[in-house]
Amino acid sequence: MLSFFRKKTSDELNPAASGSKSIPSSSGTSAGLSHRPTLQQLGYRDTNDLRETIYDFLRTIRDPEKPNTLEDLHVVYEDGIFVNEPTPGCVNVVRVEFNPTVPHCSLATLIGLCIRVKIERNIHHNLKLDIYIKKGAHTTEDEINKQINDKERIAAAMENPNLRQLVENCIKDED
């Protein structure tokens with residue numbers, strides 16, 4: 001009975017290592033690659049539709065210091081959202097640029113964090129998200145850009161209960 005079972009060789013387990021081609025799976029993709037849906041399959045007409053959808057989420061974020069939204073203060077704007085070419089793994093790439101109200105805004109990092117959290121909570125498919133301060137709009141833009149695009153720093157920030165509450169207050173939807 002045990003003679004029917006045999007150990008697979010490393011070449012059989014990893015076809016790329018032996019130079020042989022991968023066997024297509026029933027979904028039509030190579031065995032080692034997963035199929036990623038197109039924008040149309042995700043429910044968007046085109047890249048502009050994805051851009052508008054993201055802007056609709058961002059426009060309602062409240063400024064941490066003022067009763068206004070980021071849209072009211074022109075911190076976020078539709079022309080600051082760019083849908084770029086997908087990665088080789090077919091993950092959509094979105095760049096969001098924002099413009100703090102003053103070049104020394106002490107809450108620019110918090111605003112960037114709010115933008116990231118709002119998008120991640122509302123877009124329910126795989127997305128590579130890059131968030132940047134508009135070039136020349138802040139005195140420490142390079143440092144802030146590095147912080148708001150670092151996964152470990154974002155995770156650490158969201159573990160802080162006080163900071164998490166600030167973010168929650170800024171991104172909550174008005175009734």
Side-chain angles (χ1 to χ4, degrees), residues 36-175:
R36 301 272 190 227
T38 64
L39 284 176
Q40 289 77 18
Q41 291 169 327
L42 293 170
Y44 304 103
R45 291 183 305 277
D46 52 24
T47 58
N48 197 44
D49 191 26
L50 174 57
R51 188 170 67 89
E52 289 171 359
T53 300
I54 290 172
Y55 181 68
D56 284 341
F57 294 129
L58 299 183
R59 66 192 304 164
T60 62
I61 297 173
R62 294 221 144 315
D63 184 86
E65 294 180 310
K66 300 178 174 105
N68 306 78
T69 66
L70 297 184
E71 179 188 43
D72 295 339
L73 298 170
H74 305 289
V75 172
V76 294
Y77 40 93
E78 203 167 349
D79 291 341
I81 300 169
F82 307 91
V83 178
N84 299 323
E85 289 296 315
T87 66
C90 295
V91 175
N92 293 302
V93 179
V94 174
R95 177 185 169 108
V96 176
E97 174 184 282
F98 69 100
N99 187 15
T101 54
V102 292
H104 55 276
C105 177
S106 61
L107 296 174
T109 306
L110 176 61
I111 291 169
L113 183 60
C114 291
I115 290 170
R116 177 171 297 282
V117 171
K118 184 79 171 197
I119 293 171
E120 288 176 350
R121 287 193 184 168
N122 288 284
I123 300 292
H124 303 288
H125 53 81
N126 211 1
L127 190 70
K128 180 178 181 330
L129 188 56
D130 297 322
I131 300 173
Y132 292 95
I133 292 178
K134 185 176 180 178
K135 193 76 177 153
H138 198 279
T139 55
T140 61
E141 69 189 57
D142 291 334
E143 292 84 9
I144 294 172
N145 289 341
K146 188 175 182 178
Q147 285 181 333
I148 59 179
N149 288 294
D150 183 314
K151 289 180 184 177
E152 291 176 7
R153 290 182 185 192
I154 294 162
M158 291 306 289
E159 287 177 8
N160 177 321
N162 295 326
L163 193 52
R164 184 176 53 243
Q165 188 59 47
L166 278 172
V167 170
E168 296 297 338
N169 288 339
C170 291
I171 68 171
K172 71 180 176 187
D173 292 324
E174 296 299 316
D175 295 330

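Because the structure is predicted, anything quoted here is derived from the model rather than measured. The basis for the numbers below is simple: all heavy atoms, side chains too, and nothing from hydrogens, waters or symmetry mates. Residue numbers start at 1 and run along the sequence shown.
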- Query: With respect to Leu58, which candidate in Leu70, Val75, Ile115 satisfies the side-chain contact (heavy atoms from CB on, under 4.5 Å) definition?
  - Reply: Ile115

- Task: Mind listing the closest non-hydrogen atom pair of His138 and Cys105 along with its distance?
- Result: NE2-O, 2.8 Å

- Please step through side chain to side chain contact (heavy atoms under 4.5 Å, CB included) for the pair Leu39 and Asp46, ending with a clear verdict. CA-CA 6 Å; Leu39 284 176; Asp46 52 24; 5.9 Å; no

- From Leu166 atom CG to Arg164 atom CZ, the distance as rounded to the nearest 0.5 Å: 11.5 Å

- Message: Donor-acceptor pair, distance only, cut-off 3.5 Å: does the side chain of Asn149 make one with the backbone of Asn145?
- Response: yes

- Message: Let me confirm one number: the CD-CG distance from Gln40 to Asp49, rounded to the nearest 0.5 Å.
- Response: 9.5 Å

- Indicate yes or no for a side-chain donor-acceptor contact from Glu120 to the backbone of Val117 under 3.5 Å, with no hydrogens or angles considered. no

- Is any side-chain heavy atom of Pro86 less than 4.5 Å from a side-chain heavy atom of Val91? no

- Item | Least distance between heavy atoms, Cys170 atom then Pro64 atom | SG-CA, 3.8 Å

- Do the side chains of Thr101 and Lys66 get nearer than 4.5 Å, heavy atoms only? yes

- Trace of the side chain to side chain contact (heavy atoms under 4.5 Å, CB included) decision for Asp79 with Arg51: CA-CA 9 Å; Asp79 291 341; Arg51 188 170 67 89; 4.2 Å; yes

- Message: I want to check something: taking the side chain as every heavy atom from C-beta on, are Arg153 and Leu113 in contact at a cut-off of under 4.5 Å?
- Response: no

- Message: Would Ile133 and Phe98 count as a side chain to side chain contact (heavy atoms under 4.5 Å, CB included) here? Give the steps.
- Response: CA-CA 5 Å; Ile133 292 178; Phe98 69 100; 3.5 Å; yes

- So which pairs with a foot in residues 60-83 pass ring pair (Phe, Tyr, Trp, His ring centres under 6.0 Å), sequence neighbours left out? none

- Which distance, rounded to the nearest 0.5 Å, do you find between the CD of Glu71 and the CD of Glu78? 9.0 Å

- With rounding to the nearest 0.5 Å, note down the distance linking NE2 in His104 to OG1 in Thr139. 8.0 Å

- Message: Nearest 0.5 angstrom please: Ile123 CD1 to Asn92 CG, how far?
- Response: 10.0 Å

- Task: May I ask you to test the Asn84-Lys128 pair for a side-chain heavy-atom distance under 4.5 Å?
- Result: no

- Item | Contact check, side chains of Phe57 and Ile171, non-hydrogen atoms, under 4.5 Å | no

- Message: With rounding to the nearest 0.5 angstrom, report the CD1 to CG distance, Ile111 to Leu107.
- Response: 6.0 Å

- Check against side chain to side chain contact (heavy atoms under 4.5 Å, CB included), Glu85 and Thr47: CA-CA 10 Å; Glu85 289 296 315; Thr47 58; over 6 Å; no

- Item | Any Ile61 side-chain heavy atom under 4.5 Å of Thr69 side chain | no

- Partner residues of His125 under the side-chain hydrogen bond (donor to acceptor under 3.5 Å, both in side chains) criterion, sequence neighbours left out: Tyr44

- Task: Return the minimal non-hydrogen interatomic distance between Gly112 and Ile131, and the atom names on each side.
- Result: O-CD1, 3.8 Å

- Message: In the structure I gave you, are the side-chain heavy atoms of Leu110 and Val167 within less than 4.5 Å of one another anywhere?
- Response: yes

- Query: If we only count heavy atoms from C-beta on, is the Tyr132 to Glu141 side-chain gap below 4.5 Å?
  - Reply: no

